[in-house]
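Here's the structure, in structure tokens; my notes come after.
Throughout, residue positions are numbered sequentially from 1 according to the sequence presented. Hydrogens, waters and symmetry mates play no part in the numbers below; they use all other heavy atoms, side chains included.
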Amino acid sequence: MPELPEVETTRRGIEPHILHHSVEKVVIRQPKLRWPVPDNLANLIEHQLIEGVFRRGKYLLIDVGQGVILIHLGMSGSLRIVEQGTPVAKHDHADFCLSSGRLMRFTDPRRFGAILWQAKNEMHPLLARLGPEPLTEAFNAQFLFLKCQGRTQAIKTFLMDSQVVVGVGNIYANEALFAANIDPQKAAGLLSIQEIERLTQEVKRILTYAVERGGTTLRDFVGGDGKPGYFQQELYVYGRKGLPCKVCKNILVEVRMGQRSTVFCKVCQH
């Protein structure tokens, strides 16, 4: 699933091509995504100028003045800038035709993504309860330590809770916990302030670096400019079950946590 760095890569990829251009036409080929595409979306945004392109957690927010187009890439979705006349593939569910003559195309093979609407001066329910952005000062050791108090939930799944902090999905939770030398199965409430300090530092460092590298190349993900990310080759634990740890050479093990694969090193993460 595209995570914060992948979504930020997409935001940066599409922004130069859509900012300050108007949406001249909206073509919805498949309205049945994770949630139905609003029936009146075209009426709301056609001939409106795109004033900003933002990200909140894993959501892309495209500001058209009187409201915001809210886009989620789901498990396999992508947004790409293509030329008019580009052949439509099976899973190309929506086109936003721009005044530049290009199209912003939404593709989603599994249809777990979403195209929604947030009216001006309102907050969509999907955004209302989100935690702080991990790359801001609001996400710090003291904040996370207080959140963890009394919690018996494993720190791995706790860190992936978007009401705690947004955008830290499975890939980067695995990597941050390894870098911080923390067992992903350890109860959140049992972590010391020193462990929490290491963890928040590593979350910030790894996410920042992944954004700089263009996100992580997944099977279905490409950035907004059509180029894949380049962080995959630098992963230490995610997707490396049964391989030797890059630090201690111990064989990495896998457990299932919250229906997600969790790979870690029993020696380094003790």
Partner set under ring pair (Phe, Tyr, Trp, His ring centres under 6.0 Å) for F145, not counting sequence neighbours:
none
Would you say the side chain of L79 lies within less than 4.5 Å of the side chain of R105, judging by non-hydrogen atoms?
no
Do E15 and R11 sit within salt-bridge range, that is, some charged N less than 4.0 Å from a carboxylate O?
yes
Could you check whether any side-chain N or O of D92 sits under 3.5 Å from a backbone N or O of T107, counting only pairs where one atom can act as donor and the other as acceptor?
no
Apply side chain to side chain contact (heavy atoms under 4.5 Å, CB included) to the pair F139 and T200, showing each step before the final yes or no.
CA-CA 8 Å; F139 179 68; T200 53; 3.9 Å; yes
Name each donor-acceptor pair under 3.5 Å that joins a side chain in residues 31-51 to protein atoms two or more places apart or in another chain, with its distance.
| unit_1 | atom_1 | unit_2 | atom_2 | d |
| --- | --- | --- | --- | --- |
| E46 | OE2 | V26 | N | 3.0 |
| H47 | ND1 | E24 | OE1 | 3.4 |

Contact check, side chains of V7 and Y59, non-hydrogen atoms, under 4.5 Å
no
Only residue of V263, L252, V253, V255 satisfying side-chain contact (heavy atoms from CB on, under 4.5 Å) with K241 is V263
Show me, pair by pair, the donor-acceptor contacts under 3.5 angstrom made by side chains of residues 154-169, not counting sequence neighbours?
| unit_1 | atom_1 | unit_2 | atom_2 | d |
| --- | --- | --- | --- | --- |
| K156 | NZ | N170 | OD1 | 2.8 |
| K156 | NZ | T262 | OG1 | 2.6 |
| T157 | OG1 | Q153 | NE2 | 3.2 |
| T157 | OG1 | A154 | O | 3.1 |
| D161 | OD1 | Q163 | N | 2.9 |
| Q163 | OE1 | R129 | NH2 | 3.2 |

Is there a side-chain contact between I14 and V53 (heavy atoms, below 4.5 Å)?
yes
Testing I62, I115, L103 for side-chain contact (heavy atoms from CB on, under 4.5 Å) with F96, which one passes?
I115
Is a side-chain donor or acceptor of E195 paired with a backbone partner of I182 at a separation under 3.5 angstrom?
no
Tell me, do Q84 and R102 make a side-chain contact under 4.5 Å, heavy atoms counted?
no
Could you give all pairs that pass the side-chain hydrogen bond (donor to acceptor under 3.5 Å, both in side chains) test and reach residues 134-145, with sequence neighbours left out?
none
Step by step, would you call H93 with R111 a side chain to side chain donor-acceptor pair (under 3.5 Å)?
CA-CA 9 Å; H93 301 316; R111 290 196 292 169; 5.1 Å; no
Which residues pass the side-chain contact (heavy atoms from CB on, under 4.5 Å) test with R12, sequence neighbours left out?
E8, V211
Validation row: K58, L73 side chains within 4.5 angstrom (heavy atoms):
no
Return the set of residues passing ring pair (Phe, Tyr, Trp, His ring centres under 6.0 Å) with F264 (not counting sequence neighbours), or none when no residue passes.
none
